[in-house]
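Predicted model, so just to flag it, every value in this text is computed and none were measured. Labels below follow one simple rule: chain letters A, B, ... track the order of the sequence lines, proteins then strands, and each chain is numbered from 1.
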Amino acid sequence: MSPSDEPAIVTRGLTKRFSSGQVAVDGIDLHVPAGAVYGFLGPNGSGKTTTIRMLLGLVRPTAGEVSVLGAPMPAAAHRVLGPVGALVEGPAFQPYLTGRENLVRMDACDPSADPATRDARLDRALGRVGLGAAAGKRYRQYSLGMKQRLGLAGALLRPRRLLVLDEPTNGLDPQGTREVRHLVRELAGEGTTVLVSSHLLAEIDQVCTHLGIMSAGRLVLQGERASLAEHRTVRVRATVRPHQVQAATSVLTGLGLEQVGVEGDEVVALLGTVDPAAVSAALVHAGLDLLGLQVLAPTLEQVFVELTGEGFDVAR
Amino acid sequence: MSPADTTPVGTAPDSATPGNATPHATAPVLAAPAVDGPATTERWEPRRGSFGRLVRAELRLVLGRRRNQVLVAGLGLVPLLLGLVLFFTQHSELGTQGPGFIAQATQNGLFLVIASLFLCLPFLLPLTIAIGSGDAVAGEASAGTLRYLLLLPVDRTRLLAAKAVGALTFAAVAVLAIATVGLIAGGVLFGLRDVVLLSGTTVPLADGLLRVAGVVAYIGMSLTGLVAVGLFFSTLTEVPVAAMAATVVVSVVSAVLDSLGALSAIHPYLLTHHWFDFAELLRLQVDWGTIGAGVWVQAAWVIVFGAAAWARFTQADITS
């Protein structure tokens with residue numbers, strides 16, 4: 001059994017139509033390579049959570065296939081889910097038990113967990129999420145951030161091959177968000193495949209090796225993060241003296257740049273495949289005073305917004 | 001699974017996870033390829049005794065819950081209050097009134113057990129059982145903990161079985177609480193004597209105790225059908241109160257139908273029809289046919305609703 005070459009998650013034509021007739025997920029082909037940190041993005045209501053529930057065997061697909069760690073879901077759920085840790089739609093624990101008691105109960109219910117190593121594993125998981133000190137408090141009294149941390153600790157009670165983290169930074173302050181990013185990096189470094197969903201690209205952009213973007217039940221974009229960056233439309237902005245703007249425009253047009261336009265004292269154009277150094281050289285060569293040259297790569301955020309639409313409207 | 005997968009993790013989990021070596025670790029870094037992940041040395045097959053641990057965790061949850069403890073304590077108050085009322089009114093006009101079991105309690109404390117169960121059986125016990133069994137699955141669903149149990153992964157059939165054990169245990173504890181407090185209060189207030197049976201014969205105290213134990217067991221058995229009904233409703237909803245209410249309604253409707261003479265054809269199959277047949281155990285010659293009919297009806301309800309709960313729960317989409 002070599003888990004290294006087979007993808008951690010593959011779906012084909014995965015579809016979920018609820019009995020209400022609503023199509024939450026519409027024929028998506030997900031591909032999460034082993035060892036990847038897969039950023040699963042999309043606005044609220046785009047079908048991320050329903051997809052994750054189908055990956056984990058909680059919800060039966062209407063159509064399509066799911067394979068997790070090489071085995072079909074949900075048929076093989078009892079064999080597959082052991083080495084899979086998950087945080088789905090927020091943490092959930094018994095409110096009247098303490099954080100630690102909740103983890104003890106969880107571990108006692110885990111059919112393959114070794115009771116002899118329980119305390120050590122609990123301490124380590126609580127320590128990893130920075131909850132060691134608050135473990136004796138009742139879950140009811142936890143803040144949203146502490147609840148989220150306990151949920152993460154639950155997912156980390158055992159060493160995992162695959163972690164599925166649905167909106168793991170919900171309710172966390174910026175410091176907590178950084179800690180989660182750090183934790184994801186650390187786990188990925190240990191060889192764990194991580195699928196992390198979010199409606200906020202900025203939160204997970206920095207840790208992902210792969211990205212998949214959902215919009216209205218469809219997977220609109222998927223691939224390595226680096227290759228997605230190539231799709232970006234990079235622009236160049238040159239600042240010259242006001243009376244030189246016209247001359248600069250013709251220089252850029254002469255270089256073969258498209259969509260050349262003027263914004264005040266600045267000339268803006270699509271860079272395309274032209275080297276920015278060639279742009280500055282051409283402007284200087286034409287005898288213009290080049291006061292500034294900026295290369296404007298859109299953030300992934302802008303790509304994301306372009307694909308999924310903007311604003312607070314939930315997709316459905 | 002390769003042989004390496006069955007190696008149990010040592011007492012120091014840190015050392016068993018390659019790629020996680022801390023700077024001060026003295027052990028040489030293992031040559032395991034990092035891409036194999038940290039989980040390949042872990043054992044993922046169910047361990048021996050895992051179902052027992054699941055059931056114990058469930059029992060701790062059910063019996064350790066404050067609400068359930070309050071319910072059981074409340075039921076325990078019934079024989080205590082009934083005993084005190086009878087004690088202070090036994091020489092008055094009131095003391096000789098009321099159904100047979102209740103009047104008899106002042107003669108023999110053993111009958112306080114029977115009288116208390118008789119009072120609780122129509123409503124308080126069904127209510128308690130509805131709360132326990134209706135909450136079993138729906139409570140976890142509404143708290144969201146159900147999805148995490150299934151992700152461990154706990155097999156759905158096993159989880160339902162553990163929930164059934166928990167709900168049945170809670171029902172047994174409820175009945176035993178009434179019986180135990182009734183026996184103690186009855187013994188202290190009225191004394192335990194030889195028992196005068198319904199047929200007028202007197203039997204020794206030991207025989208009487210055995211018969212009362214039989215009554216307690218029969219009543220506990222009579223409630224298993226309702227536990228199965230509650231468990232089934234519990235798999236239908238994410239709202240525990242809805243499952244509890246529906247379960248109570250079933251027991252009330254059954255009792256109402258049982259009182260309508262026009263429906264006598266269906267009476268023998270009603271959930272509550274045989275509940276009060278426990279009195280059979282207080283006759284000199286117990287008609288085991290009557291007791292057996294009660295057992296069979298409960299068995300049928302348990303099988304039908306247990307199967308329905310299983311069919312529903314093993315197929316259900318968990319969207320909570």
Applying a criterion of heavy atom separation less than 4.5 Å, what residues of [range] form contacts with chain A?
range: residues 154-179 of chain B; answer: V154(B), R156(B), K163(B)
range: residues 301-316 of chain B; answer: T314(B), Q315(B), A316(B)
range: residues 133-151 of chain B; answer: E140(B), A143(B), G144(B), T145(B), R147(B), Y148(B), L149(B), L150(B), L151(B)

Fill in the blank from the handout: Applied to residues 49-62 of chain A, the side-chain hydrogen bond (donor to acceptor under 3.5 Å, both in side chains) test, sequence neighbours excluded, yields T49(A)-D166(A), R53(A)-E89(A)
Problem - Greatest number of heavy atom pairs closer than 4.5 Å to chain A - which of L54(B), V55(B), I318(B) - result: I318(B)
Practice task
Between chain A and each of G49(B), A57(B), P46(B), count heavy-atom pairs under 4.5 Å; write down the option with the most.
Solution key: P46(B)
Problem - Note, W44(B) side chain near V84(A) side chain (heavy atom, < 4.5 Å) - result: no
Practice task
Quick one: closest heavy-atom pair of R53(B) and A108(A), and the distance?
Solution key: CB-O, 3.6 Å
Part of [X] lying under 4.5 Å from any heavy atom of chain B:
X: L157(A); result: neither
X: A86(A); result: both
X: D107(A); result: backbone
X: Q94(A); result: both

Report the option among [options] that has the most heavy-atom pairs separated by less than 4.5 Å from atoms of chain B.
options: G154(A), P115(A), A113(A); answer: A113(A)
options: L58(A), L162(A), L56(A); answer: L58(A)
options: A155(A), G151(A), P91(A), P74(A); answer: P91(A)

Exercise for the section: For the pair R47(B) (side chain) and P111(A) (backbone), establish whether a donor and an acceptor sit closer than 3.5 Å, ignoring hydrogens and angles. Expected result: no
